[in-house]
Amino acid sequence: MTGALPTVELMTTQLKVAVVTGATQGLGLALVEGLAARLTPADTVYLTGRDPDRITAAVEAMPGGGARVRGELLDVAQPEAAGRLAAQLRERHGGADIVVNNAVMRVGPDDDPRAIVDAYTQVNNFGTTRVLRAFAPLLRTDGRLIVVASSFGTLRHLAPVLHDRFADLSSLDEVDKQVEAWRDAVRDGTARSGPWPGFVNIPSKIGQVAAVRALAAQRHDEDTRRGILLTAVCPGMINTPSSAMWWDVSSAPTPAQAAVPLLELALGPVNPDHYGQLVRHGHVLPWV
Ligand SMILES: NC(=O)c1ccc[n+]([C@@H]2O[C@H](COP(=O)([O-])OP(=O)(O)OC[C@H]3O[C@@H](n4cnc5c(N)ncnc54)[C@H](OP(=O)(O)O)[C@@H]3O)[C@@H](O)[C@H]2O)c1
């Protein structure tokens, strides 16, 4: 018998731990339900959100069967929250296998970008980099760290004069700095007279993908060796109240349907081409 065999056995029998942010409704809720259905009763899926009552209601509404679903408070806009939950999970389980950063703050066409951009970036961007910093070190062998972005998250949606700001960032701190600069320009109104797109979703999603790319640049070799996938994903248009504020999504996929390709990324074999990229339905979307 070689020394490697017991390790392989340990890896395949290890109980799985999954965490989804912003899971009280929409795609996040569907991801929890899909993960729980596909994992075993010995595994745990954390349904996290910002509101204790909505978390409890969502956990109670789970159909049952499959993995245990456990509710936890994780308001990603709170600076210490992701680190706190990551520490608890390390203590309880020793690590995590699947982490999906999905939370989003809803904004509508009537919202004034200057009024919402602070809260918006706290949830969607600084919330993302906090989750990445807190949970990436927890990932076990074969782990998955998935950021739900969108097809807006590519540089082709940004004026070329702005590409350098996000193109080749190599740390999460650098990404945060660029997002702060954009946020400040939106807040003081200068973004409106410059080349920034008016739709705050675009720079925000580009910032999320830039964060994945920056962390991937740092972790690539070690993650590849350990079979870990770090990726951003575009779920496509989904029929949720968030998107209904902007578009007619009555014929768009339900959250459960939109969750399927993401569940494949979370549970299926890793495609090395997806590492550090933005993936939509199994295909990499070009960054530029
Ligand atoms: N819908 C689409 O067509 C579409 C298209 C492309 C990409 N996406 C992306 O897919 C993801 C999910 O979108 P969705 O349409 O399912 O959104 P949604 O229905 O609005 O759900 C958003 C979730 O995020 C939670 N949330 C808000 N602020 C939070 C905070 N501070 N901390 C933790 N959780 C927070 C919400 O909690 P509450 O229940 O407490 O409000 C809710 O559970 C997002 O990243 C979105 O950008 C969606």
Side-chain angles (χ1 to χ4, degrees), residues 19-34 46-59 61-62 69 71-85 99-108 111 116 118-132 134-135 146-154 157 199-209 211-212 231-263 265-266 278-281 285:
V19 185
V20 182
T21 73
T24 43
Q25 55 179 312
L27 180 63
L29 182 65
L31 286 168
V32 168
E33 196 172 328
Y46 283 92
L47 184 161
T48 76
R50 61 177 166 158
D51 179 88
D53 291 341
R54 283 199 287 278
I55 294 167
T56 304
V59 171
M62 280 289 135
V69 176
E72 282 287 354
L73 194 61
L74 173 49
D75 181 340
V76 299
Q78 297 298 320
E80 310 301 331
R84 204 165 37 233
L85 183 60
V99 179
V100 185
N101 181 89
N102 164 79
V104 68
M105 177 182 146
R106 268 184 206 171
V107 292
D111 285 311
I116 55 89
D118 266 310
Y120 191 72
T121 48
Q122 276 304 326
V123 177
N124 301 7
N125 291 99
F126 307 123
T128 297
T129 49
R130 285 191 281 259
V131 166
L132 290 174
F135 286 95
I146 298 170
V147 171
V148 182
S150 95
S151 54
F152 287 131
T154 68
H157 292 286
F199 188 26
V200 288
N201 198 302
I202 293 174
S204 175
K205 288 297 179 190
I206 290 170
Q208 284 187 315
V209 177
V212 167
T231 192
V233 64
C234 165
M237 194 66 82
I238 316 168
N239 187 353
T240 67
S242 279
S243 47
M245 292 170 87
W246 295 89
W247 302 284
D248 175 7
V249 287
S250 51
S251 59
T254 63
Q257 290 167 334
V260 172
L262 279 69
L263 293 167
L265 284 176
L278 174 62
V279 176
R280 178 182 170 135
H281 298 143
L285 296 182

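Keep in mind it's a predicted model, so treat the numbers as computed, not measured. FYI, side chains are in, hydrogens and waters are out, and symmetry mates aren't considered; it's all heavy atoms of this structure. Counting convention: from 1, in listed order, for ligands and their atoms alike.
Considering only residues two or more places apart in sequence or on other chains, H281 meets the ring pair (Phe, Tyr, Trp, His ring centres under 6.0 Å) condition with none of them. Scored by the ring pair (Phe, Tyr, Trp, His ring centres under 6.0 Å) test, F152 finds H157, F199 as partners (sequence neighbours excluded). In this view, Y120 satisfies the ring pair (Phe, Tyr, Trp, His ring centres under 6.0 Å) rule with no residue, not counting sequence neighbours.
Near ligand 1, residues G22, A23, T24, Q25, G26, L27, R50, R54, L74, D75, V76, A77, N102, A103, V104, R106, V123, V148, A149, S150, K205, P235, G236, M237, I238, T240, S242, S243 come within 4.0 angstrom through at least one heavy atom.
Side-chain atoms of T254 and N239 form no donor-acceptor pair, as typed in the model, at a separation below 3.5 Å. There is a side-chain donor-acceptor pair under 3.5 Å between T128 and Q208.
Panel note: side chain T24, backbone G49; no donor-acceptor pair is recorded below 3.5 Å.
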